[in-house]
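What follows is a single structure, written as structure tokens, with notes after it.
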Amino acid sequence: MAMASSLTPLSSMSSFPLTRKPLSLPSLSSPFKGTLKTLESKPFQLRHSSSQQRRPLTVTSKKAIPWPVFVDPTRVRFRLDNLGPQPGSRKKAKRKGRGIAAGQGASCGFGMRGQKSRSGPGVRPGFEGGQMPLYRRIPKLRGIAGGMRAGLPKYVHVNLRDIEESTFQDGEEVSLETLREKGVINPSGRERKLPLKILGEGELSKKVTIKARAFSSSAKEKLETLGCSLTVLPGRKKWVKPSVAKNLARADEYFAKKRAAAAAAEQASA
């Protein structure tokens, strides 16, 4: 009786569902984006392995597709969010005077003693502790070594060929003003304050009157042979102290008397 009571009638078991749940298979999705025509007739090969070593799903096709494609993570396209200097091209500045933890010890990287280890502005550039500095030890030369003035022109040069090709006629005056008026020269800038110098390149067939500050030796010889009138204009006198000017005047007077006495002696002997 007890065993019969423990058994459940078959009609009461009909309330439990006798259907089986479908078995869940893994997803067959793959990154292949080709067409079905390119695939072989061989179906997909799905291999189950342990959960620790799972291989990716491989799809074979007629076309040789290198899969999986390896992408180098270091080659990234430049964008505003990943721009930066090359590794190692920027170095952090040494933080001096920020305690022992900054890495320079108790002296903070300034050394033990000396003017550069004290607080304050330090020393100016070029200062060598009181001795004669380098920029005062070098020689003080004129010209290119002392200021690039040796290469600057000192005259406005005009050749005899330029005067011949111009519209000057016989008897006319050739000077800095007339040369500028006839368009032979066109000085500008610093050259407007320079004097005129006649050079001997070329030939001159016109008998003119030339006024200039200086003449070259060849130009002077050709002009004198032609019979031109030459006038050497005086230059700007350098300012000297009154005492020096007085001594120069006395020296000129002395040498003038000496030249006059020598000329008189030559006439008497003749």
*Are V184 and Y155 co-members of a hydrophobic cluster defined by side-chain heavy atoms under 4.5 Å apart?*
no
*Give, for atom NE2 of H157 and atom CD1 of I198, the distance between the pair rounded to the nearest 0.5 Å.*
10.0 Å
*Side-chain donor or acceptor of K222 paired with backbone N/O of G202 under 3.5 Å*: yes
*Give, for atom CZ of F168 and atom CG of D162, the distance between the pair rounded to the nearest 0.5 Å.*
10.5 Å
_Is it the case that the side chain of R180 and the backbone of P187 share a donor-acceptor pair, with hydrogens and angles ignored and the cut-off at 3.5 Å?_
no
*Would you say V208 and L179 are hydrophobically clustered, going by side-chain heavy atoms of ILVMFWY under 4.5 Å?*
yes
*Single-linkage hydrophobic cluster, 4.5 Å side-chain cutoff, L176 and V232 together*: yes
_I'd like to check R190 versus P153 (side-chain heavy atoms, cut-off strictly below 4.5 Å). Are they in contact?_
yes
*Under 3.5 Å, is there a donor-acceptor pair between the side chain of Q104 and the main chain of G97?*
no
*Do E172 and Q169 meet the criterion of a side-chain donor-acceptor pair at a distance under 3.5 Å?*
no
*Joint cluster assignment, L233 & I163, ILVMFWY side-chain distance < 4.5 Å*: no
*How far apart are the closest heavy atoms of G200 and S216, and which atoms are they?*
N-OG, 3.3 Å
*asked:* I need the minimum non-hydrogen distance between S188 and R192, along with the two atoms involved.
replied: CA-CG, 3.7 Å
*Check the surroundings of atom CZ in R95: do more than 12 heavy atoms from other residues, nucleotides or ligands lie under 6.0 Å from it?*
no
_Polar side-chain atom of K182 near backbone of S166 as donor-acceptor pair, under 3.5 Å_ = no
*Between E128 and M132, which heavy-atom pair has the shortest distance, and what is it?*
OE1-O, 3.7 Å
*Following the transitive rule for hydrophobic clusters with a side-chain heavy-atom cut-off under 4.5 Å over Ile, Leu, Val, Met, Phe, Trp and Tyr, establish whether L230 and V174 coincide in one cluster.*
yes
*Going through the distances and angles, do L196 and I210 end up as a side chain to side chain contact (heavy atoms under 4.5 Å, CB included)?*
CA-CA 10 Å; L196 176 64; I210 302 178; 5.5 Å; no
*More than 12 heavy atoms of other groups within 6.0 Å of F78 CZ*: no
_Please check this pair: side chain of T178 against backbone of E173, looking for a donor-acceptor N/O pair closer than 3.5 Å._
yes
*Any donor-acceptor pair under 3.5 Å from R213 side chain to L194 backbone*: no
*asked:* Please find the pair of heavy atoms, one from G126 and one from P133, that lie closest to each other, and give the distance.
replied: O-CB, 3.6 Å
*Report the distance from atom NZ of K206 to atom CG of L226, rounding to the nearest 0.5 Å.*
11.5 Å
*Can you check whether A249's main-chain N or O pairs, donor with acceptor, with D252's side chain at less than 3.5 Å?*
no
*Working to the nearest 0.5 Å, report the span between SG of C108 and CD1 of I100.*
8.0 Å
*What closest approach, in Å, do K96 and G109 show between heavy atoms, and which atom pair accounts for it?*
NZ-O, 3.5 Å
*What is the minimum heavy-atom distance between F215 and K220, and which atoms define it?*
CB-CB, 4.3 Å
*Between the main-chain N or O of L134 and the side-chain N or O of R136, is there a donor-acceptor pair closer than 3.5 Å?*
no
*E164 vs S205, side chain to side chain contact (heavy atoms under 4.5 Å, CB included): CA-CA, chis, key distance, verdict*: CA-CA 7 Å; E164 179 68 24; S205 60; 2.8 Å; yes
*Looking at CG of L248 and CD of E253, how far apart are the two atoms once the value is rounded to the nearest 0.5 Å?*
13.0 Å
*More than 12 heavy atoms from other groups under 6.0 Å of CZ on R250*: no
*Under 6.0 Å from the CZ atom of R90, do we count more than 12 heavy atoms belonging to anything else shown?*
no
